[in-house]
Amino acid sequence: QVDLVESGGGLVQAGGSLRLSCAGSGHTWRLNAMAWFRQAPGKEREFVAAITRVDRSTYYRDSVKGRFTISRDNAKNTLSLQMNSLKPEDTAVYFCAARSGGDVRRNSAEYDIWGQGTQVTVSS
């Protein structure tokens with residue numbers, strides 16, 4: 001079993017910054033490709049960013065490129081998301097996810113390990 005626990009969410013004004021963290025424990029060898037997804041009220045869960053384990057290649061949805069940065073520390077089994085220039089439309093519950101496969105996928109169904117989520121609210 002492997003567990004993921006997110007932290008770092010909160011309330012911030014538009015233009016502000018937040019840093020989300022995700023800590024893995026247990027069978028962390030399963031934490032290959034990792035990603036952040038988000039889900040706003042009444043909307044489907046959507047891909048935000050992802051990173052591979054070995055070469056740390058990164059991938060982003062277009063709307064966060066240049067504002068968000070995903071990173072990971074394999075030695076500590078942690079995943080981070082630095083979010084700058086936040087906008088009200090970034091408001092959502094953010095989830096950390098991982099898959100045993102090494103390649104990144106943008107479909108949430110391809111990830112089988114999930115955290116409980118952390119709320120990010122951006123006020124205008």
Side-chain angles (χ1 to χ4, degrees):
Q1 181 180 349
V2 58
D3 294 316
L4 297 174
V5 178
E6 301 98 333
S7 61
L11 173 64
V12 65
Q13 289 188 332
S17 298
L18 281 175
R19 185 176 181 85
L20 305 183
S21 296
C22 173
S25 61
H27 294 277
T28 55
W29 56 268
R30 295 183 60 196
L31 302 178
N32 282 313
M34 296 189 73
W36 289 96
F37 287 80
R38 66 187 181 188
Q39 187 166 19
K43 295 188 176 181
E44 292 189 354
R45 192 168 298 189
E46 64 181 21
F47 171 82
V48 176
I51 186 168
T52 58
R53 182 184 182 95
V54 178
D55 60 7
R56 297 188 175 89
S57 296
T58 57
Y59 305 81
Y60 299 92
R61 69 178 297 107
D62 287 345
S63 63
V64 307
K65 285 181 181 177
R67 300 189 297 124
F68 291 10
T69 302
I70 189 171
S71 61
R72 66 189 293 169
D73 184 330
N74 291 334
K76 297 180 179 179
N77 297 308
T78 58
L79 178 73
S80 298
L81 185 68
Q82 177 66 42
M83 305 185 294
N84 299 327
S85 302
L86 282 161
K87 304 176 180 180
E89 51 264 43
D90 294 318
T91 295
V93 177
Y94 283 69
F95 297 89
C96 170
R99 58 191 305 271
S100 299
D103 53 326
V104 163
R105 304 291 173 88
R106 295 175 182 251
N107 185 341
S108 62
E110 301 281 357
Y111 292 79
D112 55 350
I113 305 165
W114 290 87
Q116 83 288 352
T118 185
Q119 177 70 47
V120 171
T121 303
V122 184
S123 62
S124 57

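Fair warning: this is a prediction, and the values are worked out from it, not measured in the lab. Residues: numbered from 1 along the sequence shown.
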**Item:** Stepwise salt bridge (Lys or Arg N to Asp or Glu O under 4.0 Å) test for Lys65 and Asp62
**Value:** CA-CA 5 Å; Lys65 285 181 181 177; Asp62 287 345; 3.1 Å; yes
**Request:** Could you tell me which non-hydrogen atom of Ala98 sits nearest to which non-hydrogen atom of Leu31, and how far apart they are?
**Result:**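 The pair with the smallest heavy-atom distance is CB-CD2, 3.4 Å.
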**Prompt:** Can you name the nearest heavy-atom pair linking Leu4 to Met34, along with the distance?
**Reply:**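 Looking at all heavy atoms of both residues, the shortest contact is CD2-CE, 4.1 Å.
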Note, [X] side chain near [Y] side chain (heavy atom, < 4.5 Å):
X	Y	answer
Trp36	Cys96	yes
Asn74	Arg72	yes
Arg30	Asp112	yes
Thr91	Gln119	yes
Val120	Met83	yes

**Message:** Give me each pair satisfying disulfide bond (SG atoms under 2.5 Å apart) with a member in residues 29-90, each pair once, sequence neighbours excluded.
**Reply:**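 Listed by first then second residue: nothing to list.
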Going hydrophobic residue to hydrophobic residue with side-chain gaps under 4.5 angstrom, can you get from [X] over to [Y]?
X	Y	result
Ile113	Phe37	no
Leu79	Tyr60	yes
Val12	Val48	yes
Val64	Leu86	yes

**Message:** Side chains of Ser100 and Asn32 only: does a donor on one sit below 3.5 Å from an acceptor on the other?
**Reply:**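 Short answer, no.
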**Asked** Cut-off 3.5 Å, side chains only: do Tyr94 and Arg38 have a donor facing an acceptor?
**Response**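 A donor-acceptor contact under 3.5 Å links the two side chains.
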Please check this pair: side chain of [X] against backbone of [Y], looking for a donor-acceptor N/O pair closer than 3.5 Å.
X	Y	answer
Gln39	Ala92	no
Arg53	Gly102	no
Arg99	Asp103	yes
Ser57	Thr52	no

Only pairs under 3.5 Å count here: list side-chain donor-acceptor contacts from residues 19-28, not counting sequence neighbours, and write none if there are none.
residue	atom	partner	partner atom	Å
Arg19	NH1	Gln82	OE1	3.2
His27	ND1	Trp29	NE1	3.4
His27	NE2	Gln1	N	3.2

**Prompt:** Parallel, tilted or perpendicular for Phe95 and Trp114, by the 30°/60° rule?
**Reply:**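 If you compare the ring of Phe95 with that of Trp114, the planes turn out perpendicular.
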**Request:** Please find out if less than 6.0 Å separates the ring center of Tyr59 from that of Phe47.
**Result:**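 No, the ring of Tyr59 stays outside the 6.0 Å limit from the ring of Phe47, centre to centre.
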